Asks: 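Before anything else, here's the structure in question.
All ligand and atom numbering here is 1-based and tracks the order in the structure. Quick caveat, the model's predicted, so the values are computed rather than measured.
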Amino acid sequence: MRIARKRFGQNFLTDNNVIDRIVNAVDADANDRVVEIGPGHGALTHALFSTGCDLTLIEIDRDLSASLRETFPKTKLINKDVMKIDFATLGDAPMRVVGNLPYNISTPLLFKLLERGTLFTDMFFMLQLEVVDRMTAKDSTKAYGRLSVMTQLYCQAEKLFDVPPEAFSPRPKVQSAMVRLTPRSQPLISESTILEEILISAFSARRKTLRNALKKLFSTPELESLGIDPSLRPENLTVDQFAACAAHIASRRT
Ligand code: SAM
């Protein structure tokens with residue numbers, strides 16, 4: 001194996017037990033269309049390929065792409081930055097997505113994919129454990145924040161299992177975890193800009209009451225009319241209540 005390229009977040013999976021658990025969780029078959037992001041040396045690719053699914057590989061590294069092309073000569077391979085790919089052009093929906101993602105692009109990539117959620121049946125990602133915990137956090141917990149609300153408005157997010165640094169070469173400095181995202185057929189919001197505004201106000205003042213944290217956006221009677229107790233803290237608002245707040249502002253602006 002050649003030296004890993006740090007700038008591409010290359011931590012290759014070497015633990016066969018973890019590889020089996022991921023592939024079993026995806027449980028692909030010959031009827032599935034699967035896109036693997038960042039196949040690297042093909043740790044997951046071999047097992048995905050052997051299911052007979054219609055596989056597309058997206059890999060930014062030119063050398064790794066060349067060697068994948070030799071190993072999987074008939075498989076579609078795109079040697080490009082995944083951030084520059086329009087997934088709608090990859091063929092007919094729905095797709096399943098699998099990736100042991102480079103941690104530096106994970107959040108922007110997730111939002112790019114979640115905004116096009118209807119293209120995907122489900123997505124399986126290896127991410128930093130802390131990110132998975134925030135994505136899947138329930139309201140009224142410490143980890144619940146902007147990332148939890150934004151993720152759960154678009155999809156159901158479920159942590160599958162933790163993965164220790166020893167499962168990779170080179171070893172990352174952080175713990176990792178697998179997450180499964182299942183996009184909602186109808187996202188809970190259409191007003192993502194307004195929602196961002198609300199989330200920034202809410203979660204930059206976690207210790208304040210909602211009445212104070214959101215006072216530039218909502219009057220106290222407005223919060224009450226939405227069934228929200230103004231004396232609660234932002235972390236106590238459910239994902240549905242945040243969606244209702246965004247819809248309320250949108251209706252005020254039309
Ligand atoms: N899937 C392999 C495994 O599990 O061993 C490799 C995982 S490694 C954490 C991330 C992979 O994503 C590397 O192969 C890297 O070259 C590739 N990658 C990094 N940035 C990328 C990007 N923007 N677009 C596509 N692939 C990228």
Side-chain angles (χ1 to χ4, degrees), residues 1-28 32 34-51 53 55-72 75-90 95-116 119-120 122-132 135 160-181:
M1 218 181 260
R2 65 154 175 73
I3 292 173
R5 291 194 166 123
K6 242 188 175 169
R7 72 178 187 283
F8 292 149
Q10 293 179 347
N11 298 98
F12 300 105
L13 264 174
T14 50
D15 183 325
N16 286 328
N17 182 36
V18 173
I19 294 170
D20 286 349
R21 288 185 78 185
I22 297 171
V23 175
N24 288 339
V26 178
D27 194 22
D32 287 332
V34 178
V35 178
E36 188 189 356
I37 302 173
H41 290 292
L44 301 170
T45 322
H46 285 278
L48 290 171
F49 179 80
S50 67
T51 65
C53 68
L55 188 60
T56 300
L57 308 174
I58 302 172
E59 173 56 63
I60 197 170
D61 186 306
R62 210 176 25 187
D63 297 337
L64 290 177
S65 295
S67 107
L68 286 161
R69 205 161 261 139
E70 274 179 26
T71 316
F72 303 100
T75 300
K76 275 162 271 167
L77 176 103
I78 306 172
N79 174 207
K80 216 169 157 182
D81 179 352
V82 66
M83 295 305 291
K84 299 199 173 126
I85 289 178
D86 177 0
F87 277 72
T89 64
L90 293 186
M95 287 169 249
R96 308 187 71 198
V97 180
V98 181
N100 171 11
L101 297 181
Y103 296 149
N104 56 337
I105 62 159
S106 60
T107 315
L109 176 63
L110 284 170
F111 285 113
K112 174 184 158 86
L113 298 181
L114 288 176
E115 277 171 11
R116 306 302 300 266
L119 295 175
F120 310 109
D122 48 18
M123 313 187 216
F124 295 78
F125 293 126
M126 173 90 70
L127 296 167
Q128 204 172 320
L129 171 64
E130 190 226 317
V131 173
V132 171
M135 290 172 86
L160 298 178
F161 48 87
D162 292 359
V163 182
E166 303 80 63
F168 304 87
S169 172
R171 293 181 184 183
K173 290 200 178 75
V174 292
Q175 296 282 333
S176 306
M178 278 305 289
V179 66
R180 171 174 34 219
L181 305 177

Asks: Nearest heavy-atom pair of Arg62 and Asn79: which atoms, and what distance?
Replies: CG-OD1, 3.6 Å
Asks: Using a 4.0 Å cut-off to any heavy atom of Pro39, which atoms of ligand 1 qualify?
Replies: 1 (N), 2 (C)
Asks: For Phe49, look at atom CZ and say whether over 12 heavy atoms of other residues, nucleotides or ligands are found less than 6.0 Å away.
Replies: no
Asks: By number and element, which atoms of ligand 1 are closer than 4.0 Å to a non-hydrogen atom of Asn11?
Replies: 7 (C), 8 (S), 9 (C)
Asks: Identify the protein heavy atom lying closest to atom 21 (C) of ligand 1, giving its residue, its atom name and the separation to 0.1 Å.
Replies: Ile60 CG2, 3.5 Å
Asks: Just wondering, do Phe72 and Pro39 contact through their side chains at under 4.5 Å, heavy atoms?
Replies: no
Asks: Among protein heavy atoms, which sits nearest to atom 10 (C) of ligand 1, and what does the distance come to when rounded to 0.1 Å?
Replies: Asn100 O, 3.4 Å
Asks: For atom 24 (N) of ligand 1, state which one of Ile105, Val82, Ile85, Ile37 supplies the nearest heavy atom.
Replies: Val82
Asks: Quick check: closest heavy atoms across Ser106 and Tyr103, and the distance to 0.1 Å?
Replies: OG-O, 3.1 Å
Asks: How about NZ on Lys76, more than 12 heavy atoms from neighbouring residues, nucleotides or ligands closer than 6.0 Å, or not?
Replies: yes
Asks: Looking only at atom types and distance, does a side-chain atom of Arg96 sit under 3.5 Å from a main-chain N or O of Val26, one as donor and one as acceptor?
Replies: yes
Asks: Under 4.0 Å, counting heavy atoms only: does Glu36 come that close to any atom of ligand 1?
Replies: yes
Asks: Enumerate the atoms of ligand 1 whose separation from the nearest heavy atom of Pro102 is less than 4.0 angstrom.
Replies: 12 (O), 18 (N), 19 (C), 20 (N)
Asks: Hey, does Ala43 come in under 3.5 Å of ligand 1, counting only N/O atoms on both sides?
Replies: no
Asks: Indicate the atoms forming the closest heavy-atom contact of Val34 with Ala28, along with that distance.
Replies: CG2-CB, 4.1 Å
Asks: For atom 12 (O) of ligand 1, which of Gly99, Gly9, Gly38 has the closest heavy atom?
Replies: Gly38
Asks: In the protein, what heavy atom is nearest to atom 23 (N) of ligand 1, and what distance, to one decimal place, separates them?
Replies: Asp81 OD1, 2.8 Å
Asks: Should Met95 and Thr56 be marked as a side chain to side chain contact (heavy atoms under 4.5 Å, CB included) after you check the CA-CA gap, both sets of side-chain angles, and the distance that decides it?
Replies: CA-CA 10 Å; Met95 287 169 249; Thr56 300; over 6 Å; no
Asks: Show the atoms of ligand 1 that are less than 4.0 angstrom away from any heavy atom in Gly40.
Replies: 6 (C), 14 (O)
Asks: Given Lys80, Lys84, Gln10, Glu59, identify the one with the heavy atom nearest to atom 14 (O) of ligand 1.
Replies: Glu59
Asks: Counting only heavy atoms closer than 4.0 Å, does ligand 1 sit against the backbone of Leu64, its side chain, both, or neither?
Replies: side chain
Asks: Would you find a donor on one side and an acceptor on the other, under 3.5 Å apart, between the side chain of Glu36 and the backbone of Leu57?
Replies: no
Asks: Hey, does the side chain of Thr71 reach the backbone of Ser67 with a donor-acceptor pair shorter than 3.5 angstrom?
Replies: yes
Asks: Any nitrogen or oxygen of Leu101, side chain or backbone, less than 3.5 Å from one on ligand 1?
Replies: no
Asks: Tell me, which protein residue and heavy-atom name are nearest atom 19 (C) of ligand 1, and how many Å apart are they?
Replies: Phe8 O, 3.1 Å
Asks: Starting from the C-alpha separation in whole Å, work towards a yes-or-no answer on side chain to side chain contact (heavy atoms under 4.5 Å, CB included) for Arg171 and Asn11.
Replies: CA-CA 7 Å; Arg171 293 181 184 183; Asn11 298 98; over 6 Å; no
Asks: Would His41 count as a contact residue for ligand 1, given that I'm defining contact as a non-hydrogen atom of the residue lying under 4.0 Å from a ligand atom?
Replies: no
Asks: Looking at ligand 1, does Met126 have a heavy atom less than 4.0 Å from it?
Replies: no
Asks: Can you name the atoms of ligand 1, numbered from 1 with element, that are less than 4.0 Å from a heavy atom of Leu13?
Replies: 3 (C), 4 (O), 5 (O)
